[in-house]
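Input: a single structure, listed below in structure tokens.
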Amino acid sequence: MITRASSIQKNVVDEKFLQMEFADGDLAGGKNLVYESRERFGENVRKFCEHFVQVGGTVLMLGRPQAGAVWEVVSSGRRANDENLHSTFDDAAPFNDGDSDKQSQSKRFHIPQPRSLLAPEDMASHRTINVEADNFSGNGGKVMQLAPGDPLSAHASPSTTKSIGFIWRSLASVEAVLAGDVDTCRDEGGGDTWTVHAIPCSCVIDTSSRGASRSAAADFCCSLLQVYPSSEVDITMESEGQVNGTFVYEGASAAAYEMREKPTVIFVLGGPGSGKGTQCARIVENYGFVHLSAGDLLRAEVASGSEHGVMLQNMMKEGKIVPAEVTVGLLQAAMAKSGKNKFLIDGFPRDEDNRLTFERVTGIIPEFVLFFDCPEDVMEKRLLNRGEGRVDDNVETIRKRFKVFSCQSVPVVDYYERLAKVRKVKSTYPPDMVFTNIKPYFTKFLEADVLDATRKLVKAIDNGDSLTYRKFVDEKLTAYEPEAQGHLVEGLPFHLLWLDTVDQNTQEDKRVISRICSPWVRLLGENAAIVGYARLFQAAKGPVVSTSNETRVWERRKSEDGAFEWKLVHLHRTTAPMWDT
Ligand SMILES: Nc1ncnc2c1ncn2[C@@H]1O[C@H](COP(=O)(O)OP(=O)(O)OP(=O)(O)O)[C@@H](O)[C@H]1O
Ligand SMILES: O=c1ccn([C@@H]2O[C@H](COP(=O)(O)O)[C@@H](O)[C@H]2O)c(=O)[nH]1
């Protein structure tokens with residue numbers, strides 16, 4: 001059995017969390033565990049590994065230790081000892097805390113700069129991964145079962161980006177490879193044909209068929225680069241236009257950036273009347289998510305008089321689950337229409353078919369599942385008092401819905417539980433208290449938002465874009481920076497003058513752009529944050545020309561339209577010394 005723990009947050013990973021989520025009994029005794037996180041390698045990962053090794057696991061970490069890279073730690077479930085880890089990573093450097101006791105213990109879980117998806121000896125005993133189009137050429141939703149030793153194959157469709165990403169995730173999903181497990185990939189059919197030979201760590205992408213998509217190629221390369229260090233990936237791309245490796249690399253980094261922009265989805269599950277809709281409204285207000293209730297979308301579809309309307313209405317009256325294609329289609333359309341990228345999907349997936357169809361069609365894996373735990377008698381009372389005139393809020397249908405929930409929806413929750421993706425909240429308390437218990441799960445989104453605001457602000461400064469700059473900055477901004485010669489500058493005019501001097505028309509290769517490096521965020525409660533980073537100024541086509549250290553203080557406020565927004569209230573910049581190279 002494999003457990004996957006995803007995106008463990010810095011603030012959440014403490015001893016209590018580890019004990020709660022990963023009781024010793026879960027980890028010992030031959031169970032495998034995959035740890036996957038987009039976190040920069042840090043204290044949280046170290047603690048996690050430490051704990052895991054203590055309870056008898058072996059840790060193998062995959063990914064790159066840079067910020068934003070995907071990390072995966074795999075335990076084969078074998079007992080940890082120096083030998084098996086050393087043989088896996090013979091060039092690994094032990095942690096060095098300066099404490100010799102800790103050091104000898106830490107030898108047992110080196111976190112190395114990974115060299116490949118699998119260690120050489122594992123490669124020998126497991127299959128080599130090939131991805132070839134020939135074996136996967138059929139159109140029309142063919143399902144491909146992968147048995148141990150089977151080559152993986154890719155046939156790209158209009159949603160090439162998704163299917164390639166999906167297949168790659170299968171490749172990279174260590175459980176499939178390590179365990180020689182069976183995985184399922186689905187071909188969505190139609191579109192361009194790709195030939196992708198991926199033999200760790202080199203791949204050739206042949207996009208010679210018509211209309212080959214650059215961005216899809218870039219996306220694939222990006223996935224590849226997330227798993228392997230770039231120095232070890234050899235990518236060539238062949239096409240009519242002889243697109244060369246340089247393009248792919250540029251494309252890959254652009255795609256890496258875009259990938260962060262891919263939708264974040266949280267599934268909100270719980271029995272009928274457990275309070276999903278009630279809490280979603282609060283999450284939307286506080287964290288800027290778009291709320292998509294699958295049930296509401298279906299009711300709207302019925303109300304629109306669509307061709308499926310009668311069938312949907314009848315199924316809902318009976319508390320039955322409607323065909324996955326319908327719900328997923330409605331969700332996909334609503335996501336696209338919103339133009340946003342953070343979604344709470346409420347009351348979905350209702351069963352395994354819902355889950356698989358959503359993953360196949362969208363290629364999206366939920367960030368986590370927010371699960372409301374509530375006994376049936378409480379839910380029944382609430383639904384009978386809801387008073388919204390719904391066709392299914394009557395005792396008879398409510399009881400059918402409870403049955404469907406426990407037989408068909410609970411297994412979905414169990415599935416995510418095995419991946420350690422379930423965040424369970426008791427919803428018998430009053431709504432405010434339930435919301436208080438939900439908040440910690442959303443802290444990381446506040447951190448991401450404030451970092452995003454910082455990046456946009458810095459970009460606006462680079463571009464001399466005072467309109468965007470003003471959107472992010474408080475009129476009473478205070479600042480200490482070298483240009484002010486030790487004075488505290490208040491207000492915007494000083495900064496706007498600087499922005500105005502950025503010459504938009506300067507030739508591209510003479511422009512200076514800046515890059516945020518090693519950022520960190522510290523939240524001060526929910527409505528204030530400090531962001532710090534080093535900022536490297538580069539000539540657009542040249543080396544780093546100067547560096548500075550910046551600290552920005554942000555405040556979260558409600559804007560006129562009622563949504564929260566981050567405003568910069570203070571800035572501190574010092575010029576940092578340049579390294580003598
Ligand atoms: N914590 C709570 N305490 C008391 N009543 C609540 C609580 N949360 C929600 N309710 C009430 O219970 C009823 C059902 O809540 P809600 O519509 O949010 O549930 P739901 O899980 O979205 O239901 P469904 O799955 O049927 O859409 C509503 O009338 C709501 O006001
Ligand atoms: O993914 C879904 C969501 C809902 N349904 C059907 O709609 C009703 C009502 O759903 P609520 O979440 O309570 O609003 C549900 O009983 C199902 O019949 C669905 O089929 N698939």
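If you're wondering where the values come from, they're calculated on a predicted model, not measured in any experiment. In listed order, ligands and their atoms are each counted from 1.
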> With a distance cut-off below 6.0 Å to the six-membered ring centre and an angular limit of 45° from the axis, does Arg355 pair with Tyr415 as a cation-pi contact?
Replying inline: yes
>> Please tell me whether Phe442 and Phe368 form a close aromatic pair, meaning their ring centres lie under 6.0 Å apart.
In response: yes
> With no hydrogens and no angle check, do the side chains of Thr264 and Glu367 hold a donor and an acceptor under 3.5 Å apart?
Replying inline: no
> Regarding Trp566 and Thr454, is there a side-chain donor-to-acceptor distance under 3.5 Å anywhere?
Replying inline: no
> Does the side chain of Thr397 reach to within under 4.5 Å of the side chain of Met316, using non-hydrogen atoms?
Replying inline: no
>> I'd like to know if Lys381 and Asp377 make a salt bridge, using a cut-off of under 4.0 Å between side-chain N and carboxylate O.
In response: no
>> Just checking Phe358 against Phe267, ring centres under 6.0 Å apart?
In response: yes
>> Side chains of Cys280 and Phe289, heavy atoms from C-beta outward: is any pair under 4.5 Å?
In response: no
> Which protein residues have a heavy atom closer than 4.0 Å to any atom of ligand 2, listed by chain and number?
Replying inline: Ala294, Gly295, Leu298, Arg299, Met316, Gly319, Lys320, Ile321, Val322, Thr327, Gly347, Phe348, Arg350, Asn354, Arg390, Asp392, Arg401
> What residues sit with at least one heavy atom under 4.0 Å from ligand 1?
Replying inline: Gly271, Pro272, Gly273, Ser274, Gly275, Lys276, Gly277, Thr278, Arg382, Leu383, Arg386, Arg390, Arg401, Ser427, Tyr429, Pro430, Pro431
> Would Lys400 and Glu318 count as a salt bridge (Lys or Arg N to Asp or Glu O under 4.0 Å) if you check the C-alpha gap in whole Å, the side-chain angles of each, and the deciding distance to 0.1 Å?
Replying inline: CA-CA 7 Å; Lys400 284 182 185 162; Glu318 289 300 310; 2.7 Å; yes
